[in-house]
Amino acid sequence: QVQLVESGGGLVQPGGSLKLSCVASGSAFSIQTMYWYRQAPGKQRELVAVITSNSRTNYGAFVRGRFTISRDNAKNTVFLQMNSLKFEDTAVYFCSQGSVYWGQGTQVTVSS
């Protein structure tokens, strides 16, 4: 059973930055595709970013160069660096391994 623990969320002003982290249990992290999703109140969960085992990345259209996903296989950790945050980025952000295992989520609130 894989456990995923996110951290790094919080309250930030528009235009600010946050870096989310997700630590995964298990020994096969390096070969897994990792995802960040988000879900805003009243909306469906949407894909934010994905990183493959060889660090190929892809992003939701709304990211537009503002976010960067990365991974540190030695620490079983995937990161999401978020810059130029907007009000509409407010959501719970979830880490997922293979879209099978999910973390509990971390709240990101963008507010002035």
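For reference, positions follow the sequence shown, starting with 1.
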> Closest heavy-atom contact between S112 and P14?
Replying inline: N-CD, 3.9 Å
> How many angstroms lie between CZ in F79 and OG1 in T77, if you round to the nearest 0.5 Å?
Replying inline: 5.0 Å
> Going from CG on N73 to OG on S55, what distance comes out if it is rounded to the nearest 0.5 angstrom?
Replying inline: 6.5 Å
>> Does anything in residues 76-97 form a salt bridge (charged side-chain N to carboxylate O under 4.0 Å, His left out)? List the pairs, not counting sequence neighbours.
In response: R38-D89, R66-D89
> Is the backbone N or O of A24 less than 3.5 Å from a side-chain atom of N76, with the two atoms forming a donor-acceptor pair by type?
Replying inline: yes
> Which residues, ordered by chain and number, are linked to F87 in its hydrophobic cluster, where ILVMFWY side chains connect at heavy-atom gaps below 4.5 Å, directly or through other members?
Replying inline: none
> Who pairs with T109 by side-chain hydrogen bond (donor to acceptor under 3.5 Å, both in side chains), at least two apart in sequence or on another chain?
Replying inline: Q107
> disulfide bond (SG atoms under 2.5 Å apart): which pairs involve residues 72-112, sequence neighbours left out?
Replying inline: C22-C95
> Which residue pairs pass the salt bridge (charged side-chain N to carboxylate O under 4.0 Å, His left out) test when at least one of the two sits in residues 1-10, sequence neighbours left out?
Replying inline: none
>> If hydrophobic residues (ILVMFWY) are linked whenever their side-chain heavy atoms come closer than 4.5 Å, directly or via other members, who joins L20 in its cluster?
In response: V2, L4, V12, L18, F29, M34, W36, V48, I51, Y59, F62, V63, F67, I69, V78, L80, M82, L85, Y93, V100, Y101, V108, V110
> Side-chain heavy atoms under 4.5 angstrom apart, residues restricted to Ile, Leu, Val, Met, Phe, Trp, Tyr: same cluster for L47 and V92?
Replying inline: yes
>> How close do S84 and S17 get, counting heavy atoms only, and between which atoms?
In response: N-OG, 4.4 Å
> Any donor-acceptor pair under 3.5 Å linking the side chain of S25 with the backbone of Q3?
Replying inline: yes
>> Using 0.5 Å steps for rounding, measure from the OG atom of S99 to the CZ atom of R45.
In response: 10.0 Å
> Is Y37 close to W102 at the side-chain level, that is, under 4.5 Å between some pair of heavy atoms?
Replying inline: yes
>> Less than 4.5 Å apart, side chain to side chain, heavy atoms only: is that true for Q81 and S70?
In response: no
> Which value, rounded to the nearest 0.5 Å, describes the distance between L11 atom CG and T90 atom OG1?
Replying inline: 8.5 Å
> Just how far is it from atom OG1 of T52 to atom CG of N58, taken to the nearest 0.5 Å?
Replying inline: 10.0 Å
